[in-house]
**Q** 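Below: one structure in structure tokens.
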Amino acid sequence: MKRIYLDHNATTSVHPEVLDAMLPFLKEDFGNPSSIHWAGRNPKKAIDKAREQVAYLFNCDVSEIIFTSCGSEGDNLAIKGTVEAKKDKGSHIITTKVEHPAVLNTCKYLEKTGFEVTYLDVDSYGMIDIEQVKSSITPKTILISIMFANNETGVIFPVEEIGKIAKGRNIVFHTDAVQAAGKIPFNVKKLNIDIAVISGHKLYAPKGIGATYLKRGVRLTPLIHGGHHERNRRAGTENVAGIAAIGKACEIAVRDMKDESERLAVLRDRLHKGLAEKIPHVKLNGHPEKRLPNTLNLSFEFVEGESLLLNLDMKGVAASSGSACTSGSLEPSHVLVAMGIPHEVSHGSLRFSLGKDNTAEDIDYVIDVLPPIVERMRSMSPLYEASTGKAANISFAADNCKH
Ligand SMILES: *Cc1c(COP(=O)(O)O)cnc(C)c1O
């Protein structure tokens, strides 16, 4: 069976060069990088090198990189670490309704402990309004946490403007750059970012490794106390293989980004156009331009995203849907809900996220197999018939999953 992977925003494969870079530290170079004897030397050197490679992607100094276990840890460190360090200055956080759960649920947790959080709205494109960022600031605001690019729609936020605002008011600005890293270039200094978070497995390194940029001088209380690793900012014996991997992945990302992004944008648009030509009632979720080059989120009205996914899976195509059918309840994606997309439309959404191994043949295959699936599902859908006037009075709840 064909295997076409179009779910790179969920995770990526490990790049062969990345695998090569990490293997020695799972074999002969097993030493503890803190050891001063021979066994510690190569691991220590590997960490130093990786720190340079990651710093190069961020455009920052090596001393400003903290290795973490994942993107979620980076977001937790940024948010909890900042409010803990600054709680004498205020108790207000500004974020958005469309953040990754690593940010949203951290903020929700902090609300229970007495912090106040403003969750900014987005418009129908999934874009925030910079005026709302400004008007939400109070004398108590200590942190603005707004993602660089959204994982579901690929929408890219006006990080430069936010950085200027935060800097002018002396508020810490954290951005979850997990989806931006490796897809679009950024310079944390030019953008006035104080804390930026990336994750290895979203850019061709393995799962379980992340990196956080922390601007020199910005105070942060560590989450994990222990030894003096990472300049006392994150204790724990370093994941040397993972660190070597994310270093190599960042080096490759910087090297290949321009060509690869252009290539993926062409493939993505080919997919969009091909599907929209063959399938009626297809809607783009997200901003048409301010969007990651690899991400395409579409709604196929009158069908159910989960069933689409299962049918695509049977054809060997891996994608993602805008809802998760868990424990009998079909929750539409919080991102699509925040965009004001009606539930019945967001239920029929699919996210295609492209990556390095995708070819034009892959895309054409999807353009071939998906339209008949949608057509078949619509032909069985009372809703679709209702919309075309053949039947009436049937509500959306008729699907497999209960609301
Ligand atoms: C995947 C992802 C994370 C979490 O990263 P993990 O390494 O899986 O913990 C955070 N933010 C965004 C935007 C993501 O896409």
Side-chain angles (χ1 to χ4, degrees), residues 5-14 18 54 57-58 65-81 95-109 119-120 122 126-128 145-157 159 162 174-184 186 193 195-213 223-224 234 236 239 241-243 245-247 249-250 253 285-287 290-297 318-322 324 333-336 338 351-355:
Y5 187 76
L6 296 173
D7 204 11
H8 291 81
N9 289 10
T11 198
T12 59
S13 59
V14 175
V18 169
V54 177
L57 177 120
F58 280 107
I65 296 298
I66 305 169
F67 289 113
T68 63
S69 68
C70 60
S72 300
E73 184 191 329
D75 285 332
N76 272 263
L77 173 65
I79 299 169
K80 292 180 193 158
T95 186
T96 78
K97 289 186 177 163
V98 299
E99 299 297 314
H100 187 274
V103 169
L104 272 185
N105 288 335
T106 304
C107 288
K108 282 191 189 138
Y109 161 76
Y119 299 91
L120 298 174
V122 294
M127 183 58 75
I128 55 164
S145 176
I146 296 183
M147 68 201 321
F148 209 123
N150 186 270
N151 43 304
E152 290 189 30
T153 58
V155 169
I156 300 170
F157 283 152
V159 168
I162 304 166
H174 156 239
T175 190
D176 174 335
V178 171
Q179 290 295 341
K183 297 177 186 136
I184 50 172
F186 57 87
I193 295 167
I195 312 173
V197 169
I198 67 170
S199 171
H201 75 101
K202 305 287 174 79
L203 80 161
Y204 305 104
K207 294 145 196 69
I209 184 70
T212 294
Y213 156 76
L223 291 183
I224 301 176
R234 201 275 185 188
N239 172 1
I243 290 171
I246 198 172
C250 287
N285 298 316
H287 199 283
K290 291 170 189 151
R291 193 160 43 114
L292 293 173
N294 79 318
T295 306
L296 180 65
N297 190 314
S320 202
S321 79
S333 131
H334 68 286
V335 176
L336 301 183
R351 178 189 70 186
F352 301 98
S353 47
L354 283 61

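Note that these values count all heavy atoms, side chains included, but never hydrogens, waters or copies made by symmetry. First listed ligand is number 1; within each ligand, the first listed atom is number 1. Everything numeric here is computed off the predicted structure, so don't read it as measured data.
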**Q** Please identify each residue that fulfils side chain to side chain donor-acceptor pair (under 3.5 Å) with D75, with sequence neighbours left out.
**A** H174
**Q** Could you tell me, for ligand 1, which of its N or O atoms are under 3.5 Å from any protein N or O, listing the pairs and their distances rounded to 0.1 Å?
**A**
residue, atom, partner, partner atom, Å
ligand 1, 7 (O), G71, N, 2.8
ligand 1, 7 (O), S199, OG, 2.6
ligand 1, 7 (O), H201, NE2, 3.4
ligand 1, 8 (O), H201, NE2, 2.8
ligand 1, 9 (O), G71, N, 3.4
ligand 1, 9 (O), S72, N, 2.9
ligand 1, 9 (O), S72, OG, 2.7
ligand 1, 11 (N), D176, OD1, 3.3
ligand 1, 11 (N), D176, OD2, 2.6
ligand 1, 15 (O), Q179, NE2, 2.7
ligand 1, 15 (O), K202, NZ, 2.7

**Q** Report the relative orientation of the aromatic rings in F186 and F148; use parallel for angles under 30°, tilted for 30 to 60°, perpendicular for over 60°.
**A** tilted
**Q** Would you say T12's side chain and H8's backbone share a donor-acceptor pair under 3.5 angstrom?
**A** no
**Q** Is there a donor-acceptor contact under 3.5 Å linking the side chains of D176 and N151?
**A** no
**Q** Taking the side chain from T175 and the backbone from I146, do they hold a donor-acceptor pair closer than 3.5 Å?
**A**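 Checked: pair present.
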**Q** Can you check whether R351 reaches D7 side chain to side chain, under 4.5 Å on heavy atoms?
**A** yes
